[in-house]
Amino acid sequence: MIFAGIDGCKAGWLLITYQSGIYNWHIVPHIDELPQYTGKIARACIDMPIGLASEKFPRTIEKRLRAELGNRSSTVFSVPVRAAVYEPDRDRAKQINSALTGKSLSEQSLNIKAKILEVDQFVHKKPDSLVLIESHPELCFKFLKGSILQSKKSEKEGIEERLELIASFDTDCASVFKTILQSTLRKHVKPDDITDALVLCLANHLGGQKNFNLLRDLNTEDELKTPIQIGYYNPQNFQ
């Protein structure tokens with residue numbers, strides 16, 4: 001089985017895969033192309049919402065995620081409702097979200113709305129070869145370290161701390177980071193895109209098929225029967 005971590009980047013999606021001790025990576029322009037790189041049987045953790053809110057199906061999982069991340073809860077953004085995600089006009093999308101939730105949309109949410117749409121459309125095609133699970137890098141880092149990371153991933157010290165933590169579980173991750181960094185342009189892939197995709201891939205394959213954890217929403221599914229859950233690996237559970 002292939003285990004993967006995926007993070008959005010300027011060039012599309014950064015995909016890092018792990019199988020039988022070997023890491024590979026690809027820049028994937030569109031989410032629909034993922035199965036070309038993940039093979040026949042794969043589970044991928046992606047830093048993007050899966051399972052969207054609607055009028056009668058709110059997402060509660062952000063509240064749980066913020067509670068897990070404590071004073072670093074600002075790394076969790078409010079996910080647009082599905083109707084806003086599918087609305088191409090930014091102002092109209094903000095109005096729709098406000099009408100359904102009482103909250104407008106931040107620039108961060110608006111800027112990744114197109115990627116949320118990509119993922120939602122892909123998930124509902126139900127690809128046979130790929131199980132896509134929402135995850136969150138800072139949640140994965142928290143459980144790997146045993147405490148919440150206080151450094152910012154956009155700063156040099158934050159990258160170094162995250163890379164050191166990842167490498168403490170698998171030394172090969174340091175060379176994977178270096179290879180991707182040297183092989184891509186910063187206008188296409190940022191250093192924190194790499195550490196995010198790496199930790200999702202690492203947590204995914206460390207969890208394997210038996211020890212993978214899921215943080216679940218109070219609504220187990222959204223209106224379209226898509227599960228709402230966030231995957232991570234907690235080594236403390238399996239010692």
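- Under 3.5 Å, the side chains of E118 and W13 contain a donor-acceptor pair of N or O atoms.
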- Task: Go through R90 and E107 one step at a time and tell me if the salt bridge (charged side-chain N to carboxylate O under 4.0 Å, His left out) criterion holds.
- Result: CA-CA 10 Å; R90 289 167 66 95; E107 281 302 306; 2.8 Å; yes

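- Each side chain to side chain donor-acceptor pair (under 3.5 Å) pair with one or both residues in residues 187-202, not counting sequence neighbours, appears once here: K153-D196.
- Within the 4.5 Å cutoff, no side-chain heavy atoms of K56 are placed close to those of E223.
- Looking only at distances, a side-chain donor or acceptor of T60 sits under 3.5 Å from a matching main-chain atom of L218.
- When side chains are defined from C-beta on, L52 counts as touching I116, because their heavy atoms get closer than 4.5 Å.
- Between Y23 and H205, the ring planes are perpendicular. Angles over 60° get that label, and only those under 30° would be called parallel.
- Between E138 and I148 the shortest side-chain heavy-atom distance does not fall below 4.5 Å.
- Looking at heavy atoms from C-beta onward, C45 lies out of side-chain contact with C201 at the 4.5 angstrom threshold.
- Counting only distance, with no hydrogens or angles, the side chain of R92 and the backbone of Q95 share no donor-acceptor pair below 3.5 Å.
- The same ILVMFWY cluster, assembled from side-chain heavy atoms under 4.5 Å apart, contains both L198 and L165.
- A heavy-atom distance below 4.5 Å is found between the side chains of I6 and L34.
- Side-chain atoms of Q150 and N71 include a donor-acceptor pair closer than 3.5 Å.
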Side-chain donor-acceptor pairs under 3.5 Å in residues 75-84, sequence neighbours left out?
residue	atom	partner	partner atom	Å
T75	OG1	R72	O	2.9
S78	OG	R66	NH2	3.3
R82	NE	D120	OD2	3.2
R82	NH2	D120	OD1	3.0
R82	NH2	D222	OD2	2.7

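- Side chains of S151 and R162: a donor-acceptor N/O pair is present below 3.5 angstrom, by distance only.
- Under the 4.5 Å side-chain criterion, counting only non-hydrogen atoms from C-beta, R216 is not in contact with I228.
- Side-chain contact check for R59 and N219: no donor-acceptor pair (N or O, by modelled atom type) lies under 3.5 Å.
- Neither side chain, Y18 nor N24, offers a donor N or O lying under 3.5 Å from an acceptor on the other.
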